[in-house]
Amino acid sequence: MDYKGSLNEVIKKHNSDPSRGLTSDEAKQRLEKFGPNVIESSNKKSLAKKIIEQIADPMVILLVLASIVSAFTGDTVEAVIIIAIVVINAIMSIIQEGRAEDSVAALQKMSSPEATIIRDGGRKKVKAEELVPGDIVIIETGDIIPADMRLLESSNLQIDESSLTGESVAVEKDSSVEFDSEVGIGDRDNFAFSSSIVTYGHGKGLVTATGSETEIGKIATSLESVEAKDTPLQKQLKKLSKLLAILVVIVCILVFVVGYFRSDMDMLENFMVAVSLAVAAIPEGLTAVVTIVLSIGMNRMAERKAIVKNLLSVETLGSTTVICSDKTGTLTQNEMTITKVYTNGDEFEVEGSGYEPKGDIRDSKGEVINNHDQIKLLMTIASLCNDANLIRENDTYKITGDPTEGAMLTFSEKWNINQENLNEKHPRLEEIPFDSTRKMMTTFHEMDGKNYGYTKGAPDVVIDKCSKTLVNGEIVDFTDDLKKKALEVNTSLASQALRVMAYAFKPMETLDTKITSENIEHDMVFVGLTGMIDPPRPEAKAAVKECHASGIDVVMITGDYFETALAIAKELGIATSRDQAMQGSDLNDKTEAEIREIVKTKRIFARVSPENKVQLVKALQQNGEIVAMTGDGVNDAPAIKNADIGISMGITGTDVAKDTADMILVDDNFATIVNAVEEGRVIFSNIKKFVSFLLSCNIAEVLIVFLSILFGLPSPLTPIQLLWLNLVTDAFPALALGVEPAEPGIMEEDPRDPNSSIISGRTRTDLIAQSIFITVAVLASYIVGLKFIFPNSIEGAHTMVFATLITSELLRAFSIRSNKFTLKELGFGSNPQLIKATLLSFTLLLIVMYVPVLRDLFEVVSLTWEWIPVLLLALIPLILGEVSKVIRRK
């Protein structure tokens, strides 16, 4: 709160001396008291704790138990595979958990490495971490502010606080301003914040907070206090784990009890069948396949310029219902651009965006203007009365200095009016620097043997200081009517959320010996106005439209001004009226319940604080929304972390935003989010497919064994056969289903309800139906083999069951590719990976049946003509599944 009150009060509070600073002894004592000026993490977990948390997961426990069972039944290979799956998943989860700790480390990197201070009465450079409250810091253009400080002096001081407040234009600072009441971070004109950048001017500040007590430090603390939430997929897998655990217990007990009362079944054999069936009932490939499919999805997203760091957050994108987007650098280009020019009584449109000097200038009729004396003069003033630099690196352009001045240079370069060339021909002789009181800047140059003062500044001020204007190249009186017209244009441009700048000049015979504003900046000649804005990204409008078509709302949450935010939001289609916009400060006195109602209708929140962003994200979540939060600045990090899926910009994003986010947009393209959402939907759809596939097959296996024993038949499969077919049918086809291409119209569907089960509705119905179809077909094969084809060979009957079950399950993989479209509509070969996986699994079946050593090990026989009934029966579930799709649709 040190921005409030008088300077003397703040100086007295921190017991400092503005002219001499602290003594070395006092600084040492304060360093011991307050600690170094760094942001430290206090919530790091030990590696042992992270490992324990991973092992305690229900699915991991089930997998470990399955591996133990496999080892006892003699299948050490399966035991090793299951343990390997557990280890790989634990390692990946631990790595991802370290991301929150990295975000704090990134905040430390943003600290200025050195600072110029006054200590012991003299200037000296010290490491930024050695700063303490009470230190006096010298601020120069280009400095990174090393700590939070109250400004003691300011001279034309402008600071870029966009990474903290979201405001795209550098903020003018004034040490003389005093506040008696609370104001937002973006409006504290007498204060400088740690990590912000000085773009212009110089000053002096009194350090009031260091380390974790700075605004950035508070953000770091809030990041650590945010608990990681389970993704919808994690929640569903945990539910499924519990369901499977119950199923395993019931199956083991029932099979063992029923077998126990059968006098012709050996007790040990009964036990082995029961535990082997328990292993078969657990789709041990599920976690591995989920991990692999998510990894494949991550690679596909990376190819589409979206890097996903958090593996299990990939599918969250598919259920996203609201995207909360920062404006500056996310929906806009973060490059101020002049779009309007007014001179000689006419308005002109300026094409192009960003800092690349391309684009035509058109008159009110839409005709291209290639030559206009007064526009050229305005460009000359804009280039000479300018302290920024436009730099070309390879094929990209960037500016150093104030973004507003950078926009002026880009504008002038469109007609090849180059600042460097102008300064060589007409070097700056004198200047009256910009200050927030005058709101003007004037530079002096010699041109054609005469001296000129070139001025730019706030339109109302410059217009008031002008007594002449240019009309058709002639200097005439600036009449009241002409001034009124210029002011009306200024108002019109401002109402379009444009930042308006006025330009003027003053011919001078000689330069006065005393260059002051009072002597020079009056009776000037008005030249014109420019209007500039940080323009929307060209592709953002289409992306917003596609979001709406996909049932996803887009909400703009920005630290920028209300009118600017509203104008951009309207242009992008985020909002249509002012009623949908709101100031962030209006949220401060609202209750949680009131904010929950507000977010139902508002689509723009301007001048928000980091706390406001978190409030809004939480309110949306409390309303049942799945929230994606995009941003690029330090100020976005807490909201990014609180969101269900945090998204950072890759180019303009700060390290904090990147390390906090679950996903990084490599190209800073809002449209990439839509691509990622589509990929997320495809991934979850595919996960549903292979989970349904695994469960339907495993349930069928359980029913086949249980019903056979219940009806007094010998066990249809031996323990090793159960384990083998489980491995053969689970792994390869399930993995191939994970790379299934997107079904038609997937982006026309509403976002899925994250509270709904992975297996629900039509998927559950199909799963039960297919389990029954497979069970009936395989039991029929068993009875045919046992009674007619192999009446004297239990191995032959087992082989019939073994071959029919594996074949029907492999064919089931093709039918499950969609519960809406038939195999004919999807195209049999549209997923070549599934064909390869099926052929591989079927080949493994043949190897077991026809390689003598393996045939004896698995207790099967070689089939010849018996394949005919096997294949006919195995086709029944596939045919019934396809017919049911057609009937359901009709």
Would you give the length of the straight line joining atom [atom1] of [X] to atom [atom2] of [Y], rounded to the nearest 0.5 angstrom?
X: Asp148; Y: Phe191; atom1: CG; atom2: CZ; value: 5.0 Å
X: Arg764; Y: Lys688; atom1: CZ; atom2: NZ; value: 10.0 Å
X: Glu597; Y: Lys590; atom1: CD; atom2: NZ; value: 13.0 Å
X: Ile185; Y: Glu611; atom1: CD1; atom2: CD; value: 5.5 Å
X: Met629; Y: Ile647; atom1: CE; atom2: CD1; value: 10.0 Å
X: Ile533; Y: Ser353; atom1: CD1; atom2: OG; value: 12.0 Å

For residues [X] and [Y], determine if any side-chain heavy atom of one lies less than 4.5 Å from a side-chain heavy atom of the other.
X: Leu767; Y: Thr763; result: no
X: Gln621; Y: Asp644; result: yes
X: Glu740; Y: Phe690; result: no
X: Arg681; Y: Pro751; result: yes
X: Arg817; Y: Leu834; result: yes
X: Leu737; Y: Asn686; result: no
X: Gln496; Y: Thr339; result: no
X: Leu616; Y: Val555; result: no

Looking at [X] and [Y], would you say the former's side chain and the latter's main chain have a donor-acceptor pair under 3.5 Å?
X: Thr337; Y: Gly354; result: yes
X: Arg596; Y: Gln622; result: yes
X: Lys613; Y: Thr558; result: no
X: Asp326; Y: Thr630; result: no
X: Arg607; Y: Gly186; result: yes
X: Asp766; Y: Ile816; result: no
X: Thr320; Y: Ile626; result: no
X: Arg304; Y: Thr672; result: no

Do other residues, nucleotides or ligands put more than 12 heavy atoms under 6.0 Å from Glu213 CD?
-> no
Taking everything shown except Lys305 itself, do over 12 heavy atoms lie less than 6.0 Å from its NZ?
-> no
Could you list the residues that satisfy ring pair (Phe, Tyr, Trp, His ring centres under 6.0 Å) with Tyr355, not counting sequence neighbours?
-> none
Could you tabulate the donor-acceptor pairs under 3.5 Å formed by side-chain atoms of residues 544-554, not counting sequence neighbours?
unit_1	atom_1	unit_2	atom_2	d
Ser550	OG	Glu546	O	2.9
Ser550	OG	Met747	O	3.0
Asp553	OD2	Arg603	NH2	3.4

Looking at residues at least two apart in the chain, or sitting in another chain, which of them share a salt bridge (charged side-chain N to carboxylate O under 4.0 Å, His left out) with Glu356?
-> Lys358
Salt bridge flag under 4.0 Å for residues Glu215 and Lys218 |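 Looking at Glu215 and Lys218, the cut-off is met.
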May I ask you to decide whether Glu743 forms a salt bridge with Lys689, counting only side-chain N to carboxylate O separations under 4.0 Å?
-> yes
Strictly by modelled atom types, are Asn675 and Glu678 linked by a side-chain donor-acceptor pair under 3.5 Å?
-> no
Could you tell me whether the side chains of Thr321 and Glu625 share a donor-acceptor contact shorter than 3.5 Å?
-> yes
Show your working on side-chain hydrogen bond (donor to acceptor under 3.5 Å, both in side chains) between Ser585 and Gln583 and close with a plain yes or no.
-> CA-CA 5 Å; Ser585 57; Gln583 290 274 63; 5.1 Å; no
